[in-house]
Amino acid sequence: MDSVYFDNAATTAVDERVMEEMLPYFNRHFGNADSPHQLGRASKVAIEDARELIAELIGAEPSEVIFTSGGTESDNTALKGVVAATRKTEVITSPVEHHAVIHPAESLKMQGVKVIYLEPGRDGIIHPEQVAEAITEDTAIVSLMHVNNELGSVNPIKEIAEICHERRVPFHSDTVQSVGKIPVNVKELGMDALSISGHKIYGPKGVGVLYVKNGTPWIPWLQGGSQERRRRGGTSNVTGIVGLASALRFAVDEMNDHQKHFEVLRKEMLEGLSLHFEGRYQINGPKTGGVPHILNIGFITPDQKGLDGEMLLLNLDIDGICVSNGSACTSGATEPSHVLKGIGVPDEIANSSIRISFGKQNTVEEVRLFVDKLEKILDRMMAAAI
Ligand code: PMP
């Protein structure tokens with residue numbers, strides 16, 4: 001067996017069918033979509049077809065779909081763009097958002113904007129009442145993610161959107177980890193802006209969507225050419241856009257099958273964990289109600305201490321297993337994940353945590369192999385830790 005890839009929330013392999021649809025746009029239909037000749041027109045048509053398809057898949061109007069370079073750009077644009085247009089001075093978000101939201105929020109803070117971080121529970125969820133309480137006349141935007149990339153928790157987006165609408169505040173949601181995985185329809189859920197990334201759904205990297213509901217106040221962030229109706233300058237990434245639309249179509253069409261498959265993998269994993277590691281692990285984030293393909297586990301020694309998560313990851317890697325960990329290496333030092341910190345996981349356990357994220361290609365055999373290898377590694381590490 002080749003390596004086992006359980007890091008699908010970080011990125012996914014491009015689906016072969018998607019690649020095939022992209023290929024002609026590298027060197028046959030390579031025209032600049034803004035060129036007035038036939039090659040340019042062919043690219044333009046491909047982009048507009050992709051826009052229509054994506055709009056249909058998320059319940060939007062084509063004019064509300066703006067192509068970007070990915071989730072990070074979409075998140076940055078939504079926050080900074082709405083604050084700039086409304087000239088209001090408050091942003092409401094949470095400490096467990098992706099850095100693509102937290103860092104622009106922090107940079108707005110430096111410009112005098114007040115950032116309110118709503119506190120999630122241990123399950124990572126923000127409740128609508130917290131939003132209702134925090135909104136003031138100065139609130140420019142509320143930005144709360146749909147599915148958390150580290151915990152798999154699912155925020156009650158529809159209820160949060162309703163409150164934002166009642167109070168006439170634009171609501172942005174980072175849906176990078178939910179679109180194509182669970183149903184996302186902007187009309188049903190009611191968000192005013194959302195972010196999508198191609199590479200989380202078996203599409204290419206470096207391409208994404210910012211959906212902005214018509215009528216929402218915002219100012220474009222990347223200025224330059226007149227692409228995307230002057231809302232995002234830069235020569236259009238035709239190949240990427242074609243790939244993103246194709247990937248989203250497959251993801252939505254096959255969503256039910258994938259969900260069922262992930263439930264099976266999760267059940268196998270949870271059974272394996274409780275059988276082999278009883279009392280030596282904890283689940284970080286929601287115990288129920290989260291998405292089935294993301295699981296965050298912290299390991300605990302018999303004397304209730306954490307383990308060296310870096311070492312755990314390295315050992316798994318040596319055995320051909322790719323997962324991600326509960327810490328990030330910032331300026332050479334290992335820092336516990338801000339998300340685990342944000343839900344109150346002690347630093348020691350956060351540093352001893354791993355995130356397993358399944359993809360459609362994973363199998364039950366891989367889960368069994370993982371549990372088997374993990375048991376040997378943990379036995380070794382725990383013996384050394386005593
Ligand atoms: N938001 C979330 C929730 C993510 O998981 C990611 C990717 N890790 C991003 C935003 C950033 O997306 P991209 O890599 O396309 O910039």
Side-chain angles (χ1 to χ4, degrees), residues 5-14 18 54 58 65-81 93-107 120 124-126 141 143-155 157 172-182 184 189 191 193-211 221-222 232 234 237 239-241 243-245 247-248 251 285-286 290-291 293-296 322-330 337-340 342-343 354-359:
Y5 185 74
F6 282 164
D7 201 14
N8 294 274
T11 197
T12 54
V14 178
V18 172
I54 291 170
I58 63 167
V65 171
I66 299 144
F67 290 111
T68 66
S69 64
T72 303
E73 185 188 323
S74 300
D75 285 347
N76 269 267
T77 308
L79 262 73
K80 293 181 176 175
T93 184
S94 90
V96 296
E97 297 297 308
H98 193 272
H99 280 145
V101 166
I102 293 189
H103 288 172
E106 285 296 301
S107 98
I125 292 171
I126 302 290
I141 185 167
S143 178
L144 292 167
M145 71 206 310
H146 195 184
V147 167
N148 186 283
N149 51 303
E150 289 192 37
L151 308 171
S153 49
V154 185
N155 270 328
I157 291 304
H172 164 257
S173 185
D174 177 332
T175 57
V176 165
Q177 297 284 353
S178 63
V179 161
K181 308 276 166 57
I182 59 173
V184 176
L189 294 176
M191 50 282 255
L194 66 74
S195 309
I196 301 178
S197 171
H199 70 104
K200 310 288 184 181
I201 52 170
Y202 314 96
K205 295 173 180 56
V207 64
V209 158
L210 171 64
Y211 153 82
W221 188 49
L222 262 189
R232 199 275 185 183
N237 175 4
T239 330
I241 291 169
L244 170 57
L248 187 58
V291 289
H293 63 284
I294 298 179
L295 193 57
N296 200 309
C322 305
V323 296
S324 77
N325 59 354
S327 52
C329 194
T330 337
S337 133
H338 71 281
V339 173
L340 296 183
I343 59 164
I354 58 171
R355 177 190 64 184
I356 295 161
S357 49
F358 299 126

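We count ligands from 1, going down the list as the structure has it; atoms in each ligand are counted the same way.
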*asked:* Can a side-chain donor-acceptor contact be found between Ser153 and Asn148 if the only test is distance below 3.5 angstrom?
replied: no
*Cut-off 3.5 Å, side chains only: do His146 and Ser173 have a donor facing an acceptor?*
no
*Can you list, by chain and residue number, every protein residue with a non-hydrogen atom closer than 4.0 Å to ligand 1?*
Gly70, Gly71, Thr72, Asp75, His98, Met145, Asn149, Asp174, Val176, Gln177, Ser197, His199, Lys200
*asked:* Taking Gly180's backbone N and O only, do any of them form a donor-acceptor pair with Lys200's side chain (distance below 3.5 Å, no angle check)?
replied: no
*asked:* Can you tell me how the ring of Phe358 sits relative to the ring of Phe6, calling it parallel under 30°, perpendicular over 60° and tilted otherwise?
replied: perpendicular
*What pairs with Ser74 under side-chain hydrogen bond (donor to acceptor under 3.5 Å, both in side chains), at least two apart in sequence or on another chain?*
Thr68
*Would you please say whether a donor-acceptor pair under 3.5 Å links the side chains of His98 and Thr72?*
no
